[in-house]
Visitor: 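My questions will all concern the structure given below.
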Amino acid sequence: MNYGKYRFSVKEKLLVGLSGVGLLLLISLLFYRSLWAMAAGAPFLPLWVGICRKQRIRKRNQELTFEFRECMQAVSGALLAGYSLENAWKEAEKDIKLLHGEASHMYRELHDMNGQLAMQQPLEKLLADFGERSGLEDVSRFCQVMQFAKRSGGNFSQIIATTVKRIGDKIEITREIDTVIAQKRLESGIMALIPAAIILYLTFCSPGYLDVLYHNITGVFIMSGCLAVYIFGIWMSVKIVQGVEL
């Protein structure tokens, strides 16, 4: 599996498609009061699909990082117990299965690796392939170091212990940052809803107040400008939050 790409399941395709159509419908009714605006916005649906795909890739990479740390802890424990490096991966597969189940990313990777190890494939080659597909800096660096240590006879236990500590520290820092900015994330989400809520409020509580902005060229340009500023503001808030998380 290439972790830099994501393929939607049939259920996910349906949910993403419905959410995109629902978003277009909401925008069309709030900003234009016309279903024809949905047709004009249809070309932007692939952009929505791309956003949803990036969110899922980001979430999957976070899961993979956490599971990889658990895997390294299992491998380190097996090495300290006297197992060879190849057998330590088999023990790690059992531990990951108990901790995260057979559907977890790391279990599938370990199961595949151990299957290829049984066919006499070199571990360093398998690690290199996994590091390249993962797209994660910590995983890629670890795999490169392990390849070098495997060829030169390095201290595997020390390498793995260092990797586990580094990834663990990064995960803990990320969790602390998430806790600190949780309130700000909630505030930005509420602020993102306020402009749409104001339009909705005026539409139902003051009928006719906004009629001048609909069904005429001037109104279309004004509402399109407001929509562009609105989307830009949401985009900036998302980027700021993601920048802090990184």
Side-chain angles (χ1 to χ4, degrees), residues 1-7 9 54-181 242 244-246:
M1 177 190 294
N2 186 342
Y3 291 92
K5 298 180 180 179
Y6 190 91
R7 178 175 294 180
S9 64
K54 286 183 179 179
Q55 289 177 339
R56 282 164 172 76
I57 290 175
R58 183 182 180 88
K59 181 180 178 182
R60 184 175 63 185
N61 287 347
Q62 290 175 341
E63 293 173 351
L64 181 63
T65 301
F66 180 76
E67 291 174 8
F68 181 73
R69 184 186 69 164
E70 300 290 333
C71 172
M72 291 301 96
Q73 289 176 336
V75 171
S76 179
L79 289 173
L80 291 174
Y83 288 90
S84 66
L85 183 60
E86 285 75 10
N87 288 331
W89 288 96
K90 296 179 182 178
E91 294 301 312
E93 179 183 344
K94 298 175 184 178
D95 290 347
I96 293 299
K97 181 179 179 179
L98 291 174
L99 288 171
H100 300 287
E102 295 184 6
S104 62
H105 311 300
M106 205 61 226
Y107 173 80
R108 291 197 297 264
E109 291 292 340
L110 287 169
H111 184 73
D112 184 60
M113 283 185 187
N114 287 324
Q116 294 188 59
L117 284 172
M119 299 174 63
Q120 305 304 316
Q121 289 289 333
L123 179 59
E124 55 267 30
K125 179 181 177 181
L126 302 178
L127 289 173
D129 177 65
F130 174 57
E132 183 178 350
R133 289 185 292 103
S134 70
L136 301 176
E137 183 180 358
D138 288 323
V139 176
S140 182
R141 285 183 177 178
F142 168 76
C143 293
Q144 291 174 4
V145 172
M146 284 295 291
Q147 289 179 69
F148 178 78
K150 187 75 167 58
R151 290 193 297 265
S152 60
N155 188 336
F156 297 119
S157 298
Q158 183 62 39
I159 292 172
I160 292 174
T162 302
T163 301
V164 170
K165 184 178 185 306
R166 181 185 301 164
I167 297 176
D169 290 344
K170 182 176 289 188
I171 291 175
E172 290 304 319
I173 291 173
T174 301
R175 287 177 176 174
E176 290 177 5
I177 293 174
D178 285 341
T179 301
V180 171
I181 68 173
Q242 287 182 351
V244 172
E245 288 177 343
L246 293 175

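The basis for the numbers below is simple: all heavy atoms, side chains too, and nothing from hydrogens, waters or symmetry mates. By convention here, the first residue in the shown sequence is residue 1. Keep in mind it's a predicted model, so treat the numbers as computed, not measured.
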Visitor: Which atom pair, heavy atoms only, marks the closest approach of Leu110 to Trp89?
Guide: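 Minimum heavy-atom contact is CD2-CE3, 3.1 Å.
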Visitor: Any idea which heavy atoms bring Gly4 and Ile57 closest together, and the distance?
Guide: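 Closest pair (atom of Gly4, atom of Ile57, distance): O-CD1, 3.4 Å.
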Visitor: For the pair Arg56 (side chain) and Tyr6 (backbone), establish whether a donor and an acceptor sit closer than 3.5 Å, ignoring hydrogens and angles.
Guide: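 Pair absent, no side-chain N/O of Arg56 close to backbone of Tyr6.
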Visitor: What are the two closest heavy atoms between Cys71 and Ala92, and how far apart are they?
Guide: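 It is O-CB, 4.1 Å.
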Visitor: Any chance you could measure Met113, atom CE, to Leu123, atom CG, to the nearest 0.5 Å?
Guide: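 Separation between the atoms: 7.5 Å.
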Visitor: Is there a side-chain contact between Met106 and Leu64 (heavy atoms, below 4.5 Å)?
Guide: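 Met106 vs Leu64: side chains touch.
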Visitor: Going by salt bridge (Lys or Arg N to Asp or Glu O under 4.0 Å), name the residues that satisfy it together with Arg133, two or more places apart in sequence or in a different chain.
Guide: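 Partners of Arg133 by the salt bridge (Lys or Arg N to Asp or Glu O under 4.0 Å) criterion, ordered by chain and then number, come out as Glu109, Asp129.
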Visitor: Not counting sequence neighbours, which residues clear salt bridge (Lys or Arg N to Asp or Glu O under 4.0 Å) with Lys97? List them please.
Guide: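 For Lys97 the salt bridge (Lys or Arg N to Asp or Glu O under 4.0 Å) partners, ignoring immediate neighbours, are Glu102.
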Visitor: Calculate, to the nearest 0.5 Å, the distance between atoms CG and CG belonging to Leu117 and Asp112 respectively.
Guide: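 Rounded to the nearest 0.5 Å, the CG-CG separation comes out at 9.5 Å.
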Visitor: Under the ring-ring contact (aromatic ring centres under 6.0 Å, His included) definition, can you give me all pairs with a residue in residues 90-137, not counting sequence neighbours?
Guide: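 Every ring-ring contact (aromatic ring centres under 6.0 Å, His included) pair that includes a residue of residues 90-137, provided the two are not neighbours, is Phe66-His100, Tyr107-His111.
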Visitor: Could you state the interatomic distance from NZ (Lys90) to CG (Asn114), rounded to the nearest 0.5 Å?
Guide: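 Rounded to the nearest 0.5 Å, the NZ-CG separation comes to 6.5 Å.
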Visitor: Can you check side chain to side chain contact (heavy atoms under 4.5 Å, CB included) on Ile96 and Glu67, steps first, answer last?
Guide: CA-CA 8 Å; Ile96 293 299; Glu67 291 174 8; 5.5 Å; no
Visitor: For atom CD of Gln121, decide whether the heavy atoms of other residues, nucleotides or ligands shown that lie under 6.0 angstrom number more than 12.
Guide: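 More than 12 within 6.0 Å, yes.
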Visitor: Got a second to check how far Asn61's CG is from Ser134's OG, nearest 0.5 Å?
Guide: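 If I round to the nearest 0.5 Å, the distance is 8.0 Å.
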Visitor: Which residues pass the side-chain contact (heavy atoms from CB on, under 4.5 Å) test with Ser76, sequence neighbours left out?
Guide: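 Result, side-chain contact (heavy atoms from CB on, under 4.5 Å) vs Ser76: Leu80, Ile160.
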Visitor: Got a sec, which residues hit salt bridge (Lys or Arg N to Asp or Glu O under 4.0 Å) with Lys94, two or more places apart in sequence or on another chain?
Guide: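 Salt bridge (Lys or Arg N to Asp or Glu O under 4.0 Å) list for Lys94, sorted by chain: Glu91.
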Visitor: Are the side chains of Glu63 and Lys59 in touch, meaning some heavy atoms are under 4.5 Å apart?
Guide: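 Side-chain contact under 4.5 Å: yes.
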Visitor: Please enumerate all residues that pass side-chain contact (heavy atoms from CB on, under 4.5 Å) together with Glu176, with sequence neighbours excluded.
Guide: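 Testing Glu176 for side-chain contact (heavy atoms from CB on, under 4.5 Å), a comparison that skips the adjacent residues, returns none.
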Visitor: Is the number of heavy atoms from other residues, nucleotides or ligands under 6.0 Å of Tyr83 OH greater than 12?
Guide: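 No - once you tally the heavy atoms of other residues, nucleotides and ligands closer than 6.0 Å, there are 12 at most.
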Visitor: Return the CE to CD distance between Met72 and Glu70, rounded to the nearest 0.5 Å.
Guide: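 One gets 11.0 Å once the value is rounded to the nearest 0.5 Å.
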